[in-house]
Amino acid sequence: MTSNPFGEFRVECYNAVKNAIVNLGFESSQVNIKFEIPPPSIDAHLAFPTFTFSRSFNISPKKIYDEILKFHFKLVDNVKLTAGYINFCVNIKRLADILFNSISKLDEQYGFIPAEKPMRIVVEHTSANPIHPLHIGAARNAVIGDTLARLLRARGHKVSTHFYIDDVGLQVSVAAYGFSKIKSFKLSMKPDHFIGLIYAITNCLLEIWKIKRDLDNAESDEMRIKLLSKLSEWVSIANELRERNEKLFDLLNEGVNSDPDPIRAVAELDLKYELGDESVKSLIREMCSMCIEGFKETLKKINVYHDSWDWESDIVWSSLVKKVLKGLRETSFVYEEAVPIFDANSAANKLGLKEKLGLNVNYEIPKLILQRSDGRSLYTTRDIAYTLWQFRNADKVIHVIGVEQSLAQLQLKVALAALGYTDLAENFIHYSYELVSLPGFKMSSRRGKYVDLDRILDEAVERAKMEVLKRNRNMDGELVDKISRMVGVGAVRYALISVSPNKKMVFTWDRILDFNRNSGPFIQYAHARACNILAKVEGAFSDYDSSMLEDELELDLVLIVSRFPEIVTEAADTLRIELITDYLYDVALKFNSFYDSVHVLKSKPIQLRNARLQLVNAVRIVLSNGLSLLGIDAPNRM
RNA sequence: GGGCCCGUAGCUCAGCAUGGAUAGAGCGCUGGCCUUCGGAGCCAGAGAACGUGGGUUCGAAUCCCACCGGGCCCGCCA
């Protein structure tokens, strides 16, 4: 029994070509034996382009072809030479036998071929600041990261997903400052939304306070005019925020303005937290924990889970950051001005990293400041320490982080090598993605302007529910809700990963809530249809005859379904999750065509009907397994 | 000033890593398909100077160079 049906065919073609090359008097290592999937217009299933081989060794394609024909084939039906391609046709009926046998035994495991060398892999993702709800940008991060983790697990790797809680820094201190003013205030609201509102209001009040202070000290009219325009902008934001909750706003306003210098108070909080002051620690941890509870609730709705929640402050308070600093200072790549500076460029040059990383050798990597002049730590230095910590139980570490951090992540990588961990540097991956923007305006959590994921999910599920009800008038309410959640979440997750990560994305409801073709629900629908057919069958359908499959649509399906394992393998090994969405869409499309033109249950004789049922079952398994890789549930009905 | 990313049909995107056969989809648009397993569907059609100009190659959307347009980043934010 094979776990890779199409692979059997591929191996046979490979051996045939290799054999031919050897028989022609060459070493097989002299030729790059690479196959292509021919376009649909060509009646073949794998093609070997002879151009390179034939040109560099001056052997005609015909000669290669004749040699290949001598091979004793089992799965290959015929071989043709067309326009310089050697085209192999598989015997689909035999392939179908192999497929049905394999898939019925492997079932939920079909498609997931364990890697030869399983690795321990850390995937860090989401990692949003714990001071506001997860917004659509964080959702893209979360879904990409979670899907990567699922894919890698499917390949047998031991994956651990991490959330890096960014609780150090001024933004958190601003939120905590506000939080300290209203601790007695109770609000029946999801905790991350509550903190997000506190943060936005507090930040706004502080901005206004700062502008007013600057106005008092302004030296020119020009400056005053500039400040006044800024002031009016923030005042209008203040009005909007006050409308969201007057009582909270007024309370915070009172708190901030009773302070002689709220800006200084925030800075003090910030400093004290980094030094580990107990009362500040409990304040900030309490606030962040509330926010994180909200995150977990949201992430659970969208099938995203983290194995480890790592506090950035823990890294600061431990000796790890100091160790990194000390270690880097001991290299020849750090020099001191007012602050220690890491010369990433000369490190990369000295260690020959640029070639390895595919960077232009003339590109000068900017220097990295490792520590503030007052002795406090900086983000990237902390991240170096954190990454080393992630590596203590991992062979590979993947950071899913926005593209705007590319430079910092590169400096981090170079720093790992500079510290002597060249192997870790090579196994460190910044998986970057482009940001999601809103049409018309920029998202800004500082201004309280963002589309939060909870709202998106609510909307998606609500809309899915309308669709489900339309089709299932008598369905039990609880079941309706359950299916609506699956479908709504499926639409959102699919939308977020069906576009390459390096493409910018403009958020629109239409795009995220797409239920038509090339959407999550479309795949789910094909799956439900397959289930629906199978549910109507009584007893087993093991008495089948694959050789009776004749319709082109069903032969196409056999082919594509048999390719699932190699698609998953490639997607996992190259970290390209889009391959899975593309593939599943193709399967669903082909299945729908088949469904429309071939009536499975009425097929006669019974051996043909059963062969078709085998095929439907195979499609069902592939769609279900594929969707599970994407973190999308596959309902039987919808 | 330097580095990176994006530019493919009216709109949104695949394809580019590893060059190969007639550049694929979705939305929208036109016209068909419910006596058949569920129409979130199926079939057919119109719609593309692959940003521009060079180059490499038997062959370029794909590789190289220059340019144009948009975005991100570049010493004490995260």
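All values below were derived from every heavy atom in this structure, side-chain atoms included, with hydrogens, water molecules and symmetry-related copies excluded. Just so it is clear: chains get the letters A, B, ... in the order the sequence lines come, proteins before strands, and each one is counted from 1.
The phosphate of B:C43 has OP1 or OP2 within less than 4.0 Å of a side-chain N or O from A:Ser593. The side chain of A:Arg511 contributes an N or O atom lying less than 4.0 Å from OP1 or OP2 of B:C13. Phosphate contact (OP1/OP2 of B:A78, side-chain N/O of A:Arg382, threshold under 4.0 Å): present. Of the side-chain N and O atoms in A:Tyr585, one or more sit less than 4.0 angstrom from OP1 or OP2 of B:G26.
Between B:G31 and B:C67, the distance separating the two C1' atoms is 45 Å to the nearest Å. Across the C1' atoms, B:A66 and B:U56 are found 15 Å apart, a figure rounded to whole Å. Taking atom C1' in both B:A17 and B:C5, the straight-line distance is 15 Å, to the nearest Å. B:A23 and B:A49 are spaced 14 Å apart, taking the C1' atom of each and rounding to whole Å. B:A46 and B:U57 have their P atoms separated by 38 Å, given to the nearest Å.
Seen from the ring of A:Tyr433, A:Arg140 does not count as a face-on cation partner, given the 6.0 Å and 45° thresholds.
Closest to the side chain of A:Leu601, from the set B:C37, B:G70, B:A14, is B:C37. Here B:U36 is the nucleotide among B:C58, B:U36, B:C13 with the atom lying nearest to any side-chain atom of A:Lys602. Among B:G41, B:A21, B:A78, the nucleotide with an atom closest to any side-chain atom of A:Asn516 is B:G41.
Toward the 5′ end of RNA chain B lies the nearest nucleotide of A:Ser406, the other residue of the pair A:Thr82 and A:Ser406 mapping further downstream.
Between the base of B:A40 and the side chain of A:Arg471 there is a donor-acceptor pair shorter than 3.5 Å. Between the side chain of A:Asn87 and the base of B:A21 there is at least one donor-acceptor pair of N/O atoms closer than 3.5 Å.
Residues A:Tyr273 and A:Trp317 bring their aromatic ring centres within 6.0 Å. The six-membered or imidazole ring of A:His399 lies away from that of A:Tyr164, with a centre-to-centre distance of 6.0 Å or more.
Because its glycosidic torsion is more than 90° from 0, B:C16 is reported here as anti.
A salt bridge does not link A:Asp551 to A:Arg612: none of the charged side-chain nitrogens sits closer than 4.0 Å to a carboxylate oxygen.
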